[in-house]
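Throughout, residue positions are numbered sequentially from 1 according to the sequence presented. Below, all heavy atoms of this structure are taken into account, side chains as well, without hydrogens, waters or symmetry copies.
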Amino acid sequence: QWEKRENQWQREGAARERLMKEVLEGRVDQLARKQDEVRSRQDEALRAREELIDNMELLAQETGRQTERTARQRDERRREIDHQNTERRRAEEDERLAEEALRAEEGRAAEEYAQMIRQEANTRP
């Protein structure tokens with residue numbers, strides 16, 4: 001009878017060991033899956049971060065190019081306005097000089113006419 005009990009205890013001990021081994025293997029598998037999930041999420045987060053950084057760099061480059069374009073357009077417009085102002089001043093100066101020349105010519109013509117009238121008046125008896 002004692003032998004029977006020892007055999008029973010050995011079977012129960014072996015069953016407990018198998019059960020503990022199964023539980024332990026299950027827990028190891030569970031932890032390995034969790035670790036894989038965490039690693040996968042970390043990898044995805046890293047890819048998303050790298051993509052965000054790339055997008056930010058592209059945006060910064062595009063912003064820089066747009067700023068340069070805007071500055072070039074502003075400078076071009078300023079040069080165009082300066083050119084228009086220079087042309088307008090030149091045209092105004094040309095008009096002023098033409099008016100002065102016309103007035104001078106009118107003055108000479110009037111003086112010549114007056115001279116002619118005086119000469120005619122002096123030559124009449």
Side-chain angles (χ1 to χ4, degrees):
Q1 181 129 11
W2 186 252
E3 235 178 79
K4 259 182 162 181
R5 255 190 200 165
E6 281 185 355
N7 285 337
Q8 179 68 26
W9 288 340
Q10 282 180 348
R11 283 192 306 273
E12 288 175 359
R16 273 194 303 275
E17 280 186 31
R18 278 192 312 274
L19 182 60
M20 286 300 288
K21 186 178 176 184
E22 287 175 18
V23 168
L24 187 57
E25 287 173 354
R27 187 66 179 137
V28 167
D29 289 345
Q30 185 182 22
L31 289 174
R33 282 192 304 275
K34 280 243 187 227
Q35 192 174 22
D36 288 344
E37 289 173 11
V38 168
R39 192 174 299 117
S40 177
R41 283 195 302 267
Q42 287 174 338
D43 289 346
E44 182 58 34
L46 181 61
R47 279 191 295 275
R49 182 175 182 266
E50 288 172 351
E51 183 179 342
L52 182 60
I53 289 170
D54 289 345
N55 289 340
M56 290 173 63
E57 288 173 355
L58 288 174
L59 181 61
Q61 290 171 0
E62 181 57 32
T63 300
R65 284 191 294 269
Q66 181 62 38
T67 301
E68 289 174 10
R69 268 193 303 272
T70 301
R72 279 195 308 272
Q73 289 170 346
R74 184 184 58 241
D75 292 345
E76 185 177 318
R77 181 69 180 139
R78 186 175 296 130
R79 283 191 300 273
E80 184 180 313
I81 290 170
D82 288 347
H83 177 72
Q84 289 173 354
N85 287 336
T86 300
E87 288 299 314
R88 181 182 46 78
R89 284 191 296 274
R90 187 174 296 142
E92 288 171 354
E93 181 66 13
D94 288 348
E95 186 177 336
R96 186 186 64 76
L97 291 173
E99 287 176 3
E100 284 179 8
L102 182 59
R103 280 194 293 276
E105 181 60 35
E106 288 173 347
R108 278 191 297 278
E111 183 60 34
E112 286 176 11
Y113 181 73
Q115 180 76 21
M116 187 178 69
I117 296 292
R118 283 192 298 273
Q119 282 178 356
E120 281 183 15
N122 287 338
T123 57
R124 282 197 183 167

Lys34 bridged to Glu37 by N-O distance under 4.0 Å: no
Check: Gln8/Arg11 side-chain N/O donor and acceptor closer than 3.5 Å: yes
Exceeds 12 heavy-atom contacts within 6.0 angstrom, atom CE of Met116: yes
Extract all donor-acceptor atom pairs below 3.5 Å that involve side chains of residues 84-91 and protein atoms in other chains or at least two apart in sequence.
from	atom 1	to	atom 2	distance (Å)
Asn85	ND2	Ile81	O	3.4
Thr86	OG1	Asp82	O	2.9
Glu87	OE2	Arg90	NH1	2.8
Arg88	NH1	Glu92	OE2	3.3

Pairing residues for Arg39 by the salt bridge (Lys or Arg N to Asp or Glu O under 4.0 Å) criterion, not counting sequence neighbours: Asp36
Side-chain donor-acceptor contact under 3.5 Å, Arg33 with Gln30: no
Candidate pair Arg103 and Glu100, rule salt bridge (charged side-chain N to carboxylate O under 4.0 Å, His left out), full reasoning: CA-CA 5 Å; Arg103 280 194 293 276; Glu100 284 179 8; 5.1 Å; no
Distance-only criterion, 3.5 Å: show the donor-acceptor pairs between side-chain atoms of residues 49-58 and protein atoms not counting sequence neighbours.
from	atom 1	to	atom 2	distance (Å)
Asn55	ND2	Glu51	O	3.4

Glu17: salt bridge (Lys or Arg N to Asp or Glu O under 4.0 Å) partners, not counting sequence neighbours: none
Which residues share a side-chain hydrogen bond (donor to acceptor under 3.5 Å, both in side chains) with Glu105, sequence neighbours left out: Arg108
Partner residues of Glu25 under the side chain to side chain contact (heavy atoms under 4.5 Å, CB included) criterion, sequence neighbours left out: Lys21
Sidechain N-carboxylate O distance under 4.0 Å for Arg96, Glu99: no
